[in-house]
Asker: 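Have a look at this one before I ask anything.
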Amino acid sequence: MDLHVTLHGQRHSLELKNPVLTASGTFGYGAEFSAYGNLSSLGGFIVKGLSLEPRQGNRTPRIVETTAGMLNAVGLQNDGAEYFLSKTLPRLPWQHTAVIANIYAASVEEFASLAARLDTDVRISALEVNISCPNVKCGGVLFGQDPDLAAEVTRAVCEHAPHKHVMVKLSPNVTDIKAIARAVEAAGADSISCINTLQGMSIDYRTRRPRLANIIGGLSGPAIKPVALRCVWQVASSVKIPVIGVGGICCCEDILEFIIAGASAVEIGTANFMDPRASFSMVQDLPRLCEECGITSLQELRGSLKLDEV
Amino acid sequence: MKAERCVELTVLDLVPFGQTGSQPLFYALRLSSPDWQQWAPGQFVMVRPFSFGLEIPWARPLGICHLDERHLICFFQVLGRGTRRLAQAKSGDKVLVWGPLGNGFAMEENTPTLLLAGGMGIAPFVGYVHRHPQPWNLTMLFGHRPPLDCYPVDSINERITMDTLRETIPGDLDNLIFSLEERIKDNAEQNGLVLACGPMPFLRTVHGFVVKYKARAQLSLENRMACGVGACLGCVTKVRSNSSKEEGYQQVCTRGPVFWASDLVLE
């Protein structure tokens, strides 16, 4: 069965050989997982969040396991855009699969500079704009919680990355995700990925201390899948641009649920930690499951959620 | 054919060590062999029993005690819900295992090598002592709180001189610290090598003496890990780069778990 997906953006479309992407921050720069599967078999991978300058990230402990999930407050530790372009990117199989750069900045101006720096590099297929990181002091989720700010960042990135498909990653930590989605669509976004992590907290009752040095962090894993499904459905119902579903996907059955809710593609996150083969296995298993369910095209499945007439 | 780095293994048996109450807390986990040709003492594996389901997402990092074509043996202590669930494993149960991970300890045949283990930190030294071609160059000091029979000491005792210090009253800790200082000082005077593994307060003490006496030393760190392959950036530790003297975070799983003491900034 043909798993090929086209994300029809309003500025640029993005071709994916299949709908399985790996979520930023859960797959390193790809090379970390090359011993566990064929990177080129993936629909694409979204690299660890990049900033213009290197970032050390937050103090430790940065991660804690929770029931059916985990909290992280890594704080976007990365080597910066220049190091990525000169040292990391040459080693990635960008000729064979989509390498998508997840970008973070503390200001609209910095987003613009970073977008401009990455725009001319043909090895990068698309930019995923992170306006939803809960773990950084400046910017991050603040950009994603206000429709005007979200639109401003989107506009700046689109303007300074005229050659790239621009995907905007939304936060679930908002009152009305539909309003944010419509704002970034109007600002030029080619697609929307949702959701980033949910803000959460873990406490050790014996020491009465938070388990994360950052006190709060972002919740991910199977625990958040129902929230992600709800957000994907709401967003897909309110915009025309493609939606990429993220949040707790652990198996192909989960992927189908997201596509039915309206997603064109999906990102696999925490499941990569539970089994380093997870994303590769899903690429392999998806055609078989589709066949079993009598699904002949993903396009026909997309947004096919059946609702009773009220 | 290239050996698979991530494999589904079968639990052969789970052997409790010592009796520290009604429920044993220390176990040797014996798994079917993953057919990996090479491994180094100090390396570890990520172990995720199928019984974790979706409820317990992370695999648990366990040091490799022994690995050959018959089996893989890891030693663990029940500390939280993951190891508690692991302790309920039955023969025949399936576990997902990926590895061998990390770098392992330096092995210098002719160098007087001092092994310092605190509690569960003894686990990687089981393999180390067995793989060392000249075990007469090894000495070991083992500090522990639960009784000695909770730990896999027999196979180490067979091959090298091991001194043990059990901490039962607060004064015992002073003895341990005193012994650590003496041993590290002696080893430094012989231009030897110190290898240490144990809980963070133990490693901090060792680190202090290593710096004081300019001993050549490696410390093996333990940390919470989600992936074990360098991606999640959760297990990082602060490291000072030798060339630039700049400090930054590095993954314990892929850049370690064994670090030269001179590179470590222990907070």
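In what follows, chains are A, B, ... by sequence order, proteins preceding strands, each numbered from 1.
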Asker: Please classify the contact of A:F33 with chain B as side chain, backbone, both or neither, using a heavy-atom distance under 4.5 Å.
Answerer: side chain
Asker: Between B:L96 and chain A, with a heavy-atom cut-off of 4.5 Å, which part of the residue counts as in contact: side chain, backbone, both or neither?
Answerer: side chain
Asker: Passes side chain to side chain donor-acceptor pair (under 3.5 Å), A:S24 versus A:K48? Steps please.
Answerer: CA-CA 5 Å; A:S24 180; A:K48 173 71 188 161; over 6 Å; no
Asker: Report which part of A:T26 has an atom under 4.5 Å of a heavy atom belonging to chain B: side chain, backbone, both, or neither.
Answerer: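 When you check distances to chain B, only backbone atoms of A:T26 fall under 4.5 Å.
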Asker: Given heavy-atom pairs under 4.5 angstrom as the criterion, report whether the side chain, backbone, both or neither of B:M225 touches chain A.
Answerer: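 Contact with chain A is through the backbone of B:M225 alone.
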Asker: Could B:R131 and B:W39 be counted as a cation-pi pair, given that NZ or CZ must be under 6.0 Å from the ring centre and within 45° of the axis?
Answerer: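 B:R131 over B:W39 ring: yes.
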Asker: In terms of heavy-atom pairs under 4.5 Å, which option from B:G234, B:C227, B:P57 contacts chain A the most?
Answerer: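 If we count pairs closer than 4.5 Å to chain A, B:P57 comes out on top.
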Asker: Less than 4.5 Å to any heavy atom of chain A: does that hold for the side chain of B:R224, its backbone, both, or neither?
Answerer: both
Asker: Flag the one option from A:G28, A:G221, A:P61, A:P276 with the top tally of heavy-atom pairs under 4.5 Å to chain B.
Answerer: A:P276
Asker: Using every non-hydrogen atom in the two residues, find where B:A231 and A:E32 come nearest and quote the distance to one decimal.
Answerer: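 Closest pair (atom of B:A231, atom of A:E32, distance): N-CG, 4.3 Å.
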Asker: For B:F52, is the NZ or CZ atom of B:R81 found under 6.0 angstrom from the centre of its six-membered ring and inside 45 degrees of the ring axis?
Answerer: no
Asker: Does a donor on one side chain and an acceptor on the other come within less than 3.5 Å for A:S171 and A:N196?
Answerer: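 Result is no, nothing qualifies.
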Asker: Would you mind telling me which of A:M274, A:E65, A:M70 has the largest number of heavy-atom pairs within less than 4.5 Å of chain B?
Answerer: A:E65
Asker: Mind checking the CD1-CE spacing from A:I100 to A:M167? Nearest 0.5 Å is all I need.
Answerer: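 It is 4.0 Å, given to the nearest 0.5 Å.
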Asker: Report the C-alpha separation of B:D263 and B:R240 in whole Å, then their side-chain angles, then the decisive distance to 0.1 Å, and conclude whether the salt bridge (charged side-chain N to carboxylate O under 4.0 Å, His left out) test is met.
Answerer: CA-CA 5 Å; B:D263 295 339; B:R240 187 184 300 112; over 6 Å; no
Asker: Considering only heavy atoms, which portion of A:F27 lies under 4.5 Å from any heavy atom of chain B: side chain, backbone, both, or neither?
Answerer: backbone
